[in-house]
Amino acid sequence: MEHKIYVKKDNMNLQENIQRLKEIMGVINEGLHDTSWENDKGYKVTLVDLLDVTEDIPVKKISVNKIKSKLLKWDNDEKEIAKIEKSNLKYPILIFVDDNNKLISIIDGHHRGQKAVRHKLKTIKAKLIPINSLPKDMRKVFKHIN
């Protein structure tokens with residue numbers, strides 16, 4: 001895939017242009033296959049693994065206000081703010097819940113969640129994943145969250 005990137009000549013020198021290009025390419029290259037979690041014993045779960053074992057969990061719309069307090073915040077980080085704005089809300093955020101369906105943690109989708117907050121949306125697509133329903137080897141990776 002070819003990407004064309006235009007930079008302004010008037011306010012940037014060559015080094016700034018190179019840095020801007022690296023930052024833009026970093027945002028473009030992040031995605032589904034780059035996300036993973038690993039515990040101190042070397043057990044690793046990728047986002048693809050997590051999506052595979054939760055494929056039967058339906059996507060629901062949940063209140064943005066319900067997730068606000070669990071979202072990471074990057075108010076003064078221009079690079080993260082750019083990621084927030086580039087995030088795609090057509091994909092659901094992934095939320096671990098306990099046996100009573102109480103929110104434990106947002107495991108994937110903080111940028112999408114922040115975009116929903118910034119754009120004052122009422123709801124966002126989400127998968128509510130009962131953490132205890134995960135296979136035992138996956139729970140080992142996420143046990144610190146529960």
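Side chains included, hydrogens not; waters and symmetry mates left out as well; all remaining heavy atoms used. Note that this is a predicted model, so its numbers are computed, not measured. Residue numbers start at 1 and run along the sequence shown.
Applying the side chain to side chain contact (heavy atoms under 4.5 Å, CB included) criterion to Ser133, with sequence neighbours excluded, gives Pro130. Residues satisfying the salt bridge (charged side-chain N to carboxylate O under 4.0 Å, His left out) test with Asp108, not counting sequence neighbours, are Arg112. Partners of Lys125 by side chain to side chain contact (heavy atoms under 4.5 Å, CB included), not counting sequence neighbours, listed by chain and number: Val59, Pro92. Under the side-chain hydrogen bond (donor to acceptor under 3.5 Å, both in side chains) criterion, Tyr91 pairs with no residue, sequence neighbours left out. Under the side chain to side chain contact (heavy atoms under 4.5 Å, CB included) criterion, Thr123 pairs with Lys61, sequence neighbours left out. Asp56 pairs by the side chain to side chain contact (heavy atoms under 4.5 Å, CB included) definition with nothing, not counting sequence neighbours. Here Glu85 pairs with His119 under the side-chain hydrogen bond (donor to acceptor under 3.5 Å, both in side chains) rule; sequence neighbours left out. Not counting sequence neighbours, Asp40 has no partner by the side-chain hydrogen bond (donor to acceptor under 3.5 Å, both in side chains) test.
One distance of note links CZ of Phe96 with CD1 of Ile107; it measures 4.5 Å at 0.5 Å rounding. In this structure, CD on Glu80 lies 11.5 Å from NE2 on His110, to the nearest 0.5 angstrom. In this structure, CG on Asn132 lies 4.5 Å from CG on Asp99, to the nearest 0.5 angstrom.
A 6.0 Å sphere centred on NZ of Lys73 holds more than 12 heavy atoms belonging to other residues, nucleotides or ligands.
Within the 4.5 Å cutoff, the side chain of Arg118 has no heavy atoms near those of the Lys115 side chain. You'll find the side chain of Val53 reaches within 4.5 Å of the side chain of Met138, heavy atoms only. Taking the side chain as every heavy atom from C-beta outward, Leu94 and Leu51 approach each other to under 4.5 Å.
With Asp77 contributing its side chain and Lys79 its backbone, the two residues share a donor-acceptor pair below 3.5 Å. At least one donor-acceptor pair under 3.5 Å links the side chain of Thr46 to the backbone N or O of Asp49.
Cluster partners of Leu72 are Trp74, Ile84, counting Ile, Leu, Val, Met, Phe, Trp and Tyr whose side-chain heavy atoms approach within less than 4.5 Å, directly or via other members. Hydrophobic cluster membership for Ile106: Ile62, Val64, Ile67, Leu71, Leu89, Ile93, Ile95, Val97, Leu103, Val117, Leu121, Ile124, Leu128 (Ile, Leu, Val, Met, Phe, Trp, Tyr linked by side-chain heavy atoms under 4.5 Å, directly or transitively).
Counting only residues at least two apart or in different chains, ring pair (Phe, Tyr, Trp, His ring centres under 6.0 Å) contacts with residues 34-58 comprise Trp37-Phe142.
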- Message: What verdict does the side chain to side chain contact (heavy atoms under 4.5 Å, CB included) test give for Leu134 and Leu50, after you've listed the backbone C-alpha separation in whole Å, the side-chain angles of each residue and the deciding distance to 0.1 Å?
- Response: CA-CA 9 Å; Leu134 295 174; Leu50 187 58; 3.9 Å; yes
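The two residues Ile81 and Asp75 have their closest heavy-atom pair at CD1-O, 3.3 Å. Heavy atoms only, all atoms of each residue included: Pro58 and Lys127 are closest at O-CG, 4.0 Å.
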